[in-house]
Trainee: 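Dropping the structure in here first, questions after.
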Amino acid sequence: MTLPEGCVVGGSRLRLARECSLNNRSFSNPKEVSTNYLIELLTLLGAFVGSAFALVRFALTQNKAVTDRFVTYLEQALSRQEEVNAGFKSAIDGLTLNVRENSALLQKLAERMGVER
């Protein structure tokens with residue numbers, strides 16, 4: 001849409017439309033003014049929705065990154081705990097074997113000394 005000569009650019013569209021309607025009768029159509037407002041309103045609404053969508057997408061991306069780091073940390077902690085548990089298991093198995101051997105030796109010693117339970 002081109003403005004006719006004598007129309008000043010600046011200010012709101014309504015004021016611009018009013019000034020142009022005074023200078024030139026081609027802008028006196030209220031449907032054209034309301035259509036311009038509707039286009040402007042839809043443009044602003046589209047910009048707002050687009051910005052909101054971009055912010056939500058950015059927030060979800062950041063949330064996913066934090067979640068991924070947390071899951072990685074939990075997996076590493078679980079792996080370390082499994083290694084520690086495996087060490088404890090071998091230590092407990094060794095202790096169990098040694099306690100059995102000591103119990104057998106103590107029983108033999110008690111039999112030689114004639115001590116009853």
Side-chain angles (χ1 to χ4, degrees):
M1 174 177 99
T2 59
L3 296 174
E5 290 183 32
C7 290
V8 178
V9 176
S12 70
R13 285 191 180 265
L14 181 60
R15 194 177 98 223
L16 181 64
R18 284 183 186 156
E19 288 174 4
C20 288
S21 69
L22 294 176
N23 295 334
N24 187 341
R25 291 294 173 194
S26 65
F27 279 94
S28 64
N29 185 356
K31 286 187 177 184
E32 185 177 336
V33 172
S34 66
T35 303
N36 289 337
Y37 277 125
L38 183 62
I39 291 170
E40 187 175 295
L41 181 64
L42 289 176
T43 303
L44 288 174
L45 182 63
F48 176 75
V49 169
S51 298
F53 179 75
L55 285 173
V56 167
R57 185 172 181 196
F58 177 74
L60 289 176
T61 303
Q62 293 298 318
N63 188 24
K64 184 179 183 300
V66 169
T67 303
D68 288 343
R69 284 196 306 265
F70 182 65
V71 168
T72 302
Y73 169 77
L74 288 178
E75 288 172 347
Q76 290 173 350
L78 180 63
S79 175
R80 286 192 304 267
Q81 189 64 41
E82 287 173 349
E83 291 172 6
V84 168
N85 287 348
F88 284 153
K89 182 183 181 310
S90 64
I92 289 172
D93 289 343
L95 285 173
T96 302
L97 180 64
N98 288 335
V99 167
R100 283 186 186 142
E101 288 176 2
N102 285 342
S103 295
L105 290 174
L106 285 174
Q107 187 175 5
K108 286 181 184 177
L109 183 62
E111 286 174 1
R112 284 187 187 170
M113 296 181 76
V115 178
E116 294 184 23
R117 288 190 196 182

Trainee: Quick check for you: to the nearest 0.5 Å, what is the distance between Leu44 atom CG and Ile39 atom CD1?
Mentor: 12.0 Å

Trainee: Before you tell me yes or no, could you show the steps for Val56 and Leu60 under side chain to side chain contact (heavy atoms under 4.5 Å, CB included), namely the whole-Å CA-CA distance, both residues' side-chain angles and the distance that decides it to 0.1 Å?
Mentor: CA-CA 6 Å; Val56 167; Leu60 289 176; 4.0 Å; yes

Trainee: Testing the 3.5 Å rule here: is there a donor-acceptor pair between the side chains of Gln81 and Asn85?
Mentor: yes

Trainee: Taking Ser79 for its side chain and Glu75 for its backbone only, find out whether a donor-acceptor pair lies under 3.5 Å.
Mentor: no

Trainee: Among Val66, Thr67, Thr72, exactly one meets side chain to side chain contact (heavy atoms under 4.5 Å, CB included) together with Arg69. Which residue is that?
Mentor: Val66

Trainee: Could you tell me the separation between the CG atom of Leu95 and the CG atom of Asn102, rounded to the nearest 0.5 Å?
Mentor: 10.5 Å

Trainee: Between Glu101 and Asn98, is a side chain to side chain contact (heavy atoms under 4.5 Å, CB included) present by the stated rule, with each step listed?
Mentor: CA-CA 5 Å; Glu101 288 176 2; Asn98 288 335; 3.9 Å; yes

Trainee: Find the distance between NZ (Lys64) and OG1 (Thr61) and round it off to the nearest 0.5 Å.
Mentor: 8.5 Å

